[in-house]
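The first residue of the sequence shown is numbered 1, and numbering continues consecutively from there. A quick note: this is a predicted structure, and the numbers were derived from the prediction, not measured. Counting starts at 1 for both ligands and their atoms, following the listed order.
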Amino acid sequence: MEQPTPIDNLLAALDPLPLAVFLLAPDRRVAGCNRAAAALFPAAPVGADFVQAVRHPECLRAIEATLGEARETTLELTLNRPVNASYRVHSAPPAGEIAGVGAVISFEDITERRGAEAMRSAFVANVSHELRSPLTALGGFIETLKSGAGDDPEARSRFLEIMESEAGRMNRLIGDLLSLSRVEEEERLRPAGRVRLAPLLRRVVAMLETQAGAAGVTLTLRTDAPHDDLPGDEDQLQQVFLNLAENALRYGGKTVEITLPPPRDVPGIDGPALVVSVRDDGPGIAPEHRVRLTERFYRIDDSRSRALGGTGLGLAIVKHIVARHRGRLMIESQPGAGSTFSVALPLA
Ligand SMILES: Nc1ncnc2c1ncn2[C@@H]1O[C@H](COP(=O)(O)OP(=O)(O)O)[C@@H](O)[C@H]1O
Ligand SMILES: [Mg+2]
């Protein structure tokens with residue numbers, strides 16, 4: 001039996017790590033690598049020049065600096081394996097003498113972090129954009145009123161009305177942003193209370209009755225669940241069904257039906273679940289929109305949503321609340337044949 005070399009021992013220790021690690025000989029050949037590295041760079045077998053695997057000039061300069069001058073370097077690079085993945089590359093000489101090893105190179109996958117950063121900055125850009133248009137409108141009307149147009153009482157009251165509605169829009173947006181951040185913060189905390197769904201849905205319907213009447217929409221509720229009691233956060237679940245029912249009133253057709261049938265099994269949920277469905281007979285939602293509806297600020301028709309007082313955040317809030325309750329949001333729709341938004345919530 002041959003004795004394991006120091007390189008063998010080192011690789012055995014590195015093998016279980018998700019981080020891809022290469023050991024390079026002083027002449028830039030691969031002296032060894034762990035499993036993650038072999039998976040990332042199948043074209044860099046032991047004994048091959050590392051240049052064959054990574055043709056990135058900046059990365060090679062870092063390796064040369066380590067092998068030639070014992071310098072430690074960190075850099076970021078994008079590899080298109082599998083698709084545009086971002087890596088933080090770290091190149092350093094080994095901390096102690098290891099025969100045959102001149103550099104230790106690691107590749108840390110930071111794609112997710114980069115993606116989260118990109119989402120955060122897109123979110124800030126969206127919020128700024130959403131706030132800017134009502135603010136611009138307000139500023140414009142203030143200028144107009146100052147310039148003397150306010151002397152005409154009729155024009156003046158018309159301007160003030162528009163200003164009021166723009167201020168209302170900003171207020172709704174800020175309200176939704178605050179509830180989104182609160183819901184996100186609490187997402188890991190299990191709801192502590194218990195909620196009875198049938199009375200909660202009756203309240204939601206009562207709150208929307210006037211709005212439905214004004215829009216000429218028939219809003220009905222049918223509950224026939226013998227047990228409608230489950231762990232949950234009352235205010236949050238009310239917000240879920242208000243958002244879904246309000247959407248159905250706004251974007252649907254002439255009837256909206258909310259149902260709460262007896263508990264059943266739902267894929268992805270342990271044990272029986274209560275499923276509340278909000279069905280409308282509106283134009284429906286095409287599949288390419290349907291998969292994106294819960295993204296923040298995603299709307300099928302921006303100007304329609306704005307005109308109806310929407311912020312584009314309702315379904316994002318719904319998604320987080322449902323996740324906090326370990327439930328599922330399901331959206332079914334056939335273009336031309338209405339939409340059904342169902343929320344399944346575990347009974348226990
Ligand atoms: N029942 C529905 N039928 C058709 N489209 C809908 C329905 N519910 C939501 N949508 C679409 O999803 C978008 C996002 O909904 P939401 O997040 O509640 O934002 P908002 O209602 O403020 O626009 C809406 O703008 C609308 O385009
Ligand atoms: Mg909405």
Side-chain angles (χ1 to χ4, degrees), residues 119 122-123 126-127 129-134 165-184 187 201 204-205 207-208 210-212 214-221 235-259 275-324 327-343:
M119 261 173 67
F123 179 65
N126 271 324
V127 170
H129 176 78
E130 297 285 337
L131 279 172
R132 173 170 284 162
S133 44
S165 102
E166 293 297 325
R169 181 134 73 98
M170 289 172 68
N171 213 355
R172 275 195 304 280
L173 179 61
I174 287 164
D176 277 358
L177 285 169
L178 285 173
S179 45
L180 190 61
S181 80
R182 196 162 339 112
V183 171
E184 268 184 326
E187 195 164 329
L201 293 172
V204 167
V205 168
M207 283 189 245
L208 292 175
T210 319
Q211 197 177 323
V217 177
T218 313
L219 176 62
T220 57
L221 169 65
D235 288 345
Q236 287 191 341
L237 290 180
Q238 176 170 311
Q239 197 175 1
V240 163
F241 299 115
L242 257 179
N243 279 338
L244 294 180
E246 195 166 42
N247 279 350
L249 289 179
R250 280 180 183 159
Y251 312 112
K254 287 293 155 204
T255 63
V256 173
E257 191 186 33
I258 305 175
T259 53
V275 184
V276 177
S277 292
V278 180
R279 193 163 61 81
D280 68 65
D281 61 348
I285 302 161
E288 68 269 24
H289 291 306
R290 199 184 58 217
V291 292
R292 299 194 55 191
L293 283 191
T294 58
E295 289 174 22
R296 294 152 181 206
F297 298 115
Y298 190 86
R299 300 145 156 142
I300 298 171
D301 182 340
D302 269 15
S303 51
R304 174 127 192 262
S305 156
R306 286 207 183 90
L308 294 167
T311 59
L313 294 174
L315 290 175
I317 294 171
V318 165
K319 181 177 76 173
H320 283 289
I321 295 177
V322 171
R324 183 182 176 213
R328 275 188 65 194
L329 170 68
M330 299 168 281
I331 307 175
E332 290 159 279
S333 183
Q334 295 281 332
S339 316
T340 305
F341 287 70
S342 301
V343 172

Atom 21 (O) of ligand 1 has as its nearest protein heavy atom Tyr251 OH, 2.7 Å

If we number the atoms of ligand 1 from 1 as shown, the ones under 4.0 Å from a heavy atom of Ser305 are 20 (P), 22 (O), 23 (O), 25 (O)

His289: heavy atom below 4.0 Å from ligand 1, yes or no? no

Ser333 and Gly338 have their tightest heavy-atom pair at OG-O, 3.0 Å

Inset, instruction - Please state whether Asn243 comes within less than 4.0 angstrom of ligand 1, counting heavy atoms only. - result: no

For Met119, is the CE atom crowded, meaning more than 12 foreign heavy atoms sit under 6.0 Å from it?
no

So the atoms of ligand 1 within less than 4.0 Å of a heavy atom of Phe341 turn out to be 1 (N), 2 (C), 7 (C), 8 (N)

Quick one: do Glu130 and Arg296 make a salt bridge, cutoff under 4.0 Å? no

Other residues, nucleotides, ligands: >12 heavy atoms within 6.0 Å of Gln334 CD = no

the protein heavy atom lying closest to atom 1 (N) of ligand 1 turns out to be Asp280 OD2, 2.8 Å

Run Leu131 and Met170 through side chain to side chain contact (heavy atoms under 4.5 Å, CB included) and show every step you take. CA-CA 6 Å; Leu131 279 172; Met170 289 172 68; 4.2 Å; yes

Thr311 heavy atoms within 4.0 Å reach ligand 1 at atoms 22 (O)

Atom 17 (O) of ligand 1: closest protein heavy atom, distance to 0.1 Å, is Leu315 N, 2.8 Å

Sorted by chain and number, protein N/O/S atoms nearer to the Mg ion (ligand 2) than 2.8 Å are Asn247 OD1

Quiz item: Can a cation-pi geometry be assigned to Arg304 and Tyr251, taking NZ or CZ under 6.0 Å from the six-membered ring centre and within 45° of the ring axis?
Solution: no

Ligand 1 atoms nearer than 4.0 angstrom to some heavy atom of Gly310 are 22 (O)

Counting N and O atoms only, with roles assigned by atom type, does the side chain of Arg172 sit under 3.5 Å from a partner on the main chain of Gly309, one being a donor and the other an acceptor? yes

If you measure from each heavy atom of Gly312 to ligand 1, is any distance below 4.0 Å? yes

query: Among the heavy atoms of Ser339, does any lie under 4.0 Å from an atom of ligand 1?
result: yes

(message) Testing the 3.5 Å rule here: is there a donor-acceptor pair between the side chains of Arg299 and Ser305?
(response) yes

Would you say Ile300 and ligand 1 have an N/O pair spaced under 3.5 Å apart? yes

### More than 12 heavy atoms from other groups under 6.0 Å of CZ on Arg169
yes

Test side chain to side chain contact (heavy atoms under 4.5 Å, CB included) on Glu332 and Ser339; report intermediate values, then the result. CA-CA 6 Å; Glu332 290 159 279; Ser339 316; over 6 Å; no

Closest non-hydrogen contact found for Met330 with Val275 is CE-CG1, 4.4 Å

Ligand 1 to Tyr298, heavy atom cutoff 4.0 Å, flagged ligand atoms 13 (C), 14 (C)

Notebook entry, point to check: Charged N to carboxylate O under 4.0 angstrom, Arg324 versus Glu187?
Noted result: no

Residue, atom and distance of the protein heavy atom nearest atom 8 (N) of ligand 1 read Asn247 CB, 3.4 Å

*asked:* If you define the side chain from C-beta out and look only at heavy atoms, does anything of Val318 sit under 4.5 Å from Phe241?
replied: no

- request: Starting from the C-alpha separation in whole Å, work towards a yes-or-no answer on side chain to side chain contact (heavy atoms under 4.5 Å, CB included) for Ile258 and Thr220.
  value: CA-CA 6 Å; Ile258 305 175; Thr220 57; over 6 Å; no

In this structure, atom 12 (O) of ligand 1 is nearest to the protein heavy atom Leu293 CD2, 3.3 Å

For Arg250, the ligand 1 atoms with a heavy-atom partner under 4.0 Å come out as 21 (O)

